[in-house]
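Being a predicted model, the structure only gives us computed values, none of them experimental. Sequential numbering from 1 along the given sequence is applied to the chain's residues.
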Amino acid sequence: MIKNIIYIIISYFICCVIFTPIFIKHGRKKYLKDKGVRYKRINDLNNDNVFEKKVFKYTVFFNVETKKKLENINLLEIALNSFDNNEGNIKEYYNSFLDENIRYNNYVDEFNNIIDKDITYKDDIVIGTVLFKDVNKFKDFEYNRCRKLLKRFKYKFLFRVYATYDSPKGKKHWVKEEIFDINDISSFPIILKQRTEYQKTKKYQREIMTDSLRYEVLKRDGYRCKICGVSANEGARLEVDHIIPISKGGKTVIDNLQTLCMSCNRGKSDKDFK
Ligand SMILES: [Zn+2]
């Protein structure tokens, strides 16, 4: 009998120790729900702002023929081109990401406004309850609860570029990869714009006049001067000329290039300078 009473007393104390804090916490939350002005504002804000989870993954993959090619591959360059060409609608997603990000930042601003704004509670807010010692305890409790209610941003953007090379017998496998996150991708439009600007410059037009392009023009024109018809076999020194000169906005593209012998070319440039 005494044993049972002892068990009951012990059980009672254990229950008190375990359950009292739970009851208090639960009671405080309920009290806050009824009386907390800030808490209500935060909840209203949260109900108005729903952020869905979205993960956008885009992968560019290719296999190269040599190890050297793999070593020299520029993954950023590939990422930039894929972005520029809007592969897999990557630009649309990027734009919707930016929109969502603006919406989220506005939400965070509003959230912080509510959090930072001081709310005056009268002392009687805690009268009649044992849950809070005084009004400041209530305010602290509300403040800390509210802080935890900030929603997270749920959009993710992962852009992965990777290349592989397999040894001829397939025994070895090399991978080169890079993952671009939203911060990297944000810089893409800027880099691409700078690139477009640079490509309009005369310096760039001179840079892209490569030997292989020169060869292509000579071949197309049958290794003959387009003005006087003299050929390389007849001992003429042939040059590749910009039909519309770079100085006048001509581009280094095959349609704007022609084969000329040295003397015709000199004659032409004399004319250009007149
Ligand atoms: Zn000629």
Kindly indicate, with the supporting measurements, whether the criterion side-chain contact (heavy atoms from CB on, under 4.5 Å) is fulfilled by T164 and Y162.
-> CA-CA 7 Å; T164 60; Y162 82 109; 4.0 Å; yes
Step by step, would you call E216 with R220 a side-chain contact (heavy atoms from CB on, under 4.5 Å)?
-> CA-CA 6 Å; E216 219 178 305; R220 181 199 63 192; over 6 Å; no
Run the side-chain contact (heavy atoms from CB on, under 4.5 Å) check on R206 and T252 step by step: do they pass?
-> CA-CA 7 Å; R206 289 193 182 96; T252 304; over 6 Å; no
Test log, rule side-chain contact (heavy atoms from CB on, under 4.5 Å), inputs F159 and E178 | CA-CA 8 Å; F159 183 17; E178 213 161 321; over 6 Å; no
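Contacts of F23 classified as ring pair (Phe, Tyr, Trp, His ring centres under 6.0 Å), with partners at least two apart in sequence or in another chain: none.
Using a 4.5 Å heavy-atom cutoff, the side chains of L32 and R28 are not in contact. At least one side-chain heavy atom of K67 sits under 4.5 Å from a side-chain heavy atom of W174. At least one side-chain heavy atom of E92 sits less than 4.5 Å from a side-chain heavy atom of N86. Within the 4.5 Å cutoff, no side-chain heavy atoms of L70 are placed close to those of T66. Looking only at side-chain heavy atoms (C-beta outward), K54 and K154 stay at 4.5 Å or farther from each other. Using a 4.5 Å cut-off on side-chain heavy atoms (C-beta onward), R152 and F51 make no contact. I119 is listed as a side-chain neighbour of R41, based on a closest heavy-atom distance under 4.5 Å.
Around the NZ atom of K40, the shell of radius 6.0 Å holds no more than 12 heavy atoms that belong to other residues, nucleotides or ligands. The number of heavy-atom neighbours closer than 6.0 Å to CZ of R237, taken from other residues, nucleotides and ligands shown, is 12 or below. Atom CZ of F62 has more than 12 heavy atoms from other residues, nucleotides or ligands within 6.0 Å. Summarising the local packing, CD of E52 is surrounded by 12 or fewer heavy atoms from other residues, nucleotides or ligands at distances under 6.0 Å.
In this structure, L158 is not a member of the same hydrophobic cluster as F56, with clusters built from ILVMFWY side-chain heavy atoms closer than 4.5 Å. Criterion: ILVMFWY side-chain heavy atoms under 4.5 Å apart, direct or through other members. Under it, V175 and F61 are part of a common hydrophobic cluster. Linking ILVMFWY residues whenever their side-chain heavy atoms come closer than 4.5 Å, directly or via other members, places I208 and Y198 in the same cluster. Both I78 and L192 are members of a single hydrophobic cluster when ILVMFWY side chains are connected at heavy-atom separations under 4.5 Å. The hydrophobic cluster containing L75 does not contain I179, counting ILVMFWY residues as joined when their side-chain heavy atoms lie under 4.5 angstrom apart, directly or transitively.
Distance alone, capped at 3.5 Å, is enough to place a donor-acceptor pair between the K151 side chain and the N49 backbone. The backbone N or O of E77 sits less than 3.5 Å from a side-chain atom of N74, completing a donor-acceptor pair. Side chain of N85 to main chain of N81: a donor-acceptor pair is present (N/O by atom type, distance under 3.5 Å, no hydrogens or angles). A distance-only check finds a donor-acceptor pair linking the side chain of N256 to the backbone of I244 [under 3.5 Å]. Remark: the backbone N or O of N183 is paired with a side-chain donor or acceptor of D181 at under 3.5 angstrom. With hydrogens and angles disregarded, no donor-acceptor distance shorter than 3.5 Å links the side chain of R160 to the backbone of T59. Formation of a donor-acceptor pair under 3.5 Å by the N46 side chain with backbone atoms of L149 is found in this model.
In this structure, CZ on R103 lies 10.5 Å from OH on Y107, to the nearest 0.5 angstrom. Here CD1 of I191 is found 10.0 Å from CZ of F83. Values are rounded to the nearest 0.5 Å. Here the straight-line distance linking atom OH of Y31 with atom NE2 of H26 works out to 15.0 Å at 0.5 Å rounding. The CD atom of E239 sits 10.0 Å away from the SG atom of C225 when rounded to the nearest 0.5 Å. We find the NZ-SG distance between K226 and C261 to be 13.5 Å, quoted to the nearest 0.5 Å. The CD1 atom of I18 sits 13.5 Å away from atom CZ of F13, with the distance rounded to the nearest 0.5 Å.
L257 belongs to a hydrophobic cluster whose remaining members, ordered by chain and number, are M209, L213, Y215, V217, L218, Y223, L238, V240, I254; membership requires side-chain heavy atoms of ILVMFWY residues under 4.5 Å apart, directly or through intermediates.
When only modelled atom types and interatomic distance are considered, E234 and S231 share a side-chain donor-acceptor pair under 3.5 Å. With no hydrogens or angles considered, a side-chain donor-acceptor pair links H173 and D166 at under 3.5 Å.
Between F138 and Y121, the ring-plane angle classifies as perpendicular under the 30° and 60° cut-offs. Aromatic ring pairs are classed by plane angle as parallel below 30°, tilted from 30° to 60° and perpendicular above 60°; the pair Y93 and F157 is perpendicular.
Cation-pi check for R145 over Y143 is not met; the charged atom does not lie both under 6.0 angstrom from the ring centroid and within 45 degrees of its normal.
For the residue pair R38 and I114, the shortest heavy atom distance occurs at NE-O, 3.3 Å. In plain terms, the two heavy atoms of K176 and I73 that are nearest each other are NZ-O, 3.0 Å.
In this structure, the ring of Y58 has its center no less than 6.0 angstrom from the ring center of Y94. For Y104 and Y155, the ring centers sit 6.0 Å or farther from each other. Between F180 and F188, the distance from one ring center to the other falls under 6.0 angstrom.
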